[in-house]
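One structure is given here, and the rest of the page talks about it.
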Amino acid sequence: MTHKTLSQPLNGIEQALKSEMYPAVDVSFRNVADADGADGLLVYLQGAADENRLEEQLIEALRAAAFEDVALRALSGKKVDSFENALNEAYLGKVVLFVAGRPIAYAFGLPSRLARGIKEPATEAVIRGPREGFIERIDANLALLRNKIRTPKLKFEQFLIGSESQTRVVLGYHAELARKTVLREARKRLEAIDLDVVLESGYIGEMITDRPRSLFPQLMYTERPDIVAAQLMEGRFAILIDGTPFVLTAPVTFWQMLHSAEDYYEKFTFASFVMHLRYWLLFLALFLPGIYVATITFHHDLLPTSLLLSIAAARESIPFPALIEALIMELSFEALREAGVRLPKTIGQAVSILGALVIGQAAVQAGIVSAPMVIVVSMTGIASFTIPRYNFGIAIRLLRFPLMILAGMFGLYGMVVGTILIAVHLCNLTSFGVPYMTGVAPLRRSELKDIVVRVPWYLMKRRPSVAAKEKRRRS
């Protein structure tokens, strides 16, 4: 039977560690001795620790001086006072030094550089703006943010979440700009997470969101450090998770989901034009199929006679009502989109072209769908691609279906009821206590500068209302 104390002989500690970690082919044990002849045992995970730094920095230093001098002064080793904590530090990727006969151990952070380089995010490309994106290593991501905001007021708090994974989760915020009540709530929700493993930011997002059953996202995720830095300087907080390049930010609003980073890099006139264009495209992405179905089914008198005759001629051979035709086309389009995303790029493009030909031409010639419906679905698809936030676009894609069904059953009256229900839901939604429709409901004139138009930077005198009241004015 092995004992689990730090004071026991090193061979006993090694035996206890092997017993706990077995089988684990990636665990290394190395015996070292310091300048005074004291014996020590190094334990680390291969791949997690940088072997070159281990040899050149740690072991050379240990051989040249006393263990305690090296641990506490030269390399800032962290003291560990129990066998269980030492084991946890080793699993976190630290190099742990056990010293013969002493009741403490030391943990050194020598992380390996096994990570991809910093590249432009594939999901948030811009014409103008920084080309750097977050990577899977949280330390590198923290450094990227430090390079953007070089002030001691930028704070990072660490949490270890996941009973089995012990994933590093960091809460980042500006100490003077973030609201204290929002930060308290964020800490409380992070500490209350009860998961065995955390592999991606989606795990955390679902556990801390205000209304997890809502289709609308109440946290924003991004791969871009410039976006996170801008959010922090507006009084929001960020959550970084080790192992994923996606960083969560909150609180968020409905309007924020329709902005891209470039809106603040291009001239305010062009940014305002693009902003309004997105509003119209959002309207088309959500309502166009439903309006078409309702008009064709119930409200023929809303169409000009020539257009009505043209559509009627195109639908003459179609065996399905407009609602079924729309559902077939929309579901086919969603299937095509999923196939294009999941397959490798080279194959995905071929599938997209083949699918477009089948849906756009063969289906029309076969009399399964009409040409006007192909045009409607194509316009809807293009409009949905212009939404900057992917998770927000998912909500719009899903809401399109109930609106189409309401339009097919009750016409425009059904769509009005559906729209009212969506509006009521949005007005009741919050993100860490901040109303989702802030700016419009409740109406705040200072927030309209980012909703109606994007005002020039020299007129952006005040931060959004999510920031601390005493620090709303930009310096």
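Here the structure is a predicted model, which means the values were calculated and not measured.
- For residues 422-453, the pairs satisfying ring-ring contact (aromatic ring centres under 6.0 Å, His included) are F237-F432, with sequence neighbours left out.
- Every residue two or more places apart in sequence or in another chain was checked for a salt bridge (charged side-chain N to carboxylate O under 4.0 Å, His left out) with K119, and none qualifies.
- Every residue meeting the side chain to side chain contact (heavy atoms under 4.5 Å, CB included) condition with P321, not counting sequence neighbours, appears here in chain and number order: I324.
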Distance-only donor-acceptor pairs under 3.5 Å for side chains of residues 276-293, two or more places apart:
residue, atom, partner, partner atom, Å
H276, NE2, V452, O, 2.3
R278, NH1, L258, O, 2.9
R278, NH1, D263, OD2, 3.0
R278, NH2, S260, OG, 3.3
R278, NH2, D263, OD1, 3.2
Y279, OH, I451, O, 2.8

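- Residues meeting the salt bridge (charged side-chain N to carboxylate O under 4.0 Å, His left out) test with R454, sequence neighbours left out: none.
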Name the atoms and distances for all side-chain donor-acceptor pairs under 3.5 Å in residues 369-379, with sequence neighbours left out.
residue, atom, partner, partner atom, Å
S370, OG, E325, OE2, 2.6
S378, OG, V374, O, 2.7

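- For Y264, the side chain to side chain donor-acceptor pair (under 3.5 Å) criterion is met by H259, D450, not counting sequence neighbours.
- Here the side chain of E447 pairs a donor or acceptor atom with the backbone of S465 at under 3.5 angstrom.
- D81 meets the side chain to side chain donor-acceptor pair (under 3.5 Å) test with N85; sequence neighbours excluded.
- Within the structure, the ring-ring contact (aromatic ring centres under 6.0 Å, His included) test picks out the following pairs touching residues 376-399 (sequence neighbours left out): F216-F392, F254-F392.
- With sequence neighbours excluded, the residues that form a salt bridge (charged side-chain N to carboxylate O under 4.0 Å, His left out) with R337 are E334.
- For R128, the salt bridge (charged side-chain N to carboxylate O under 4.0 Å, His left out) test picks out E266, with sequence neighbours left out.
- Residues passing the side chain to side chain donor-acceptor pair (under 3.5 Å) test with R445: none are found, sequence neighbours excluded.
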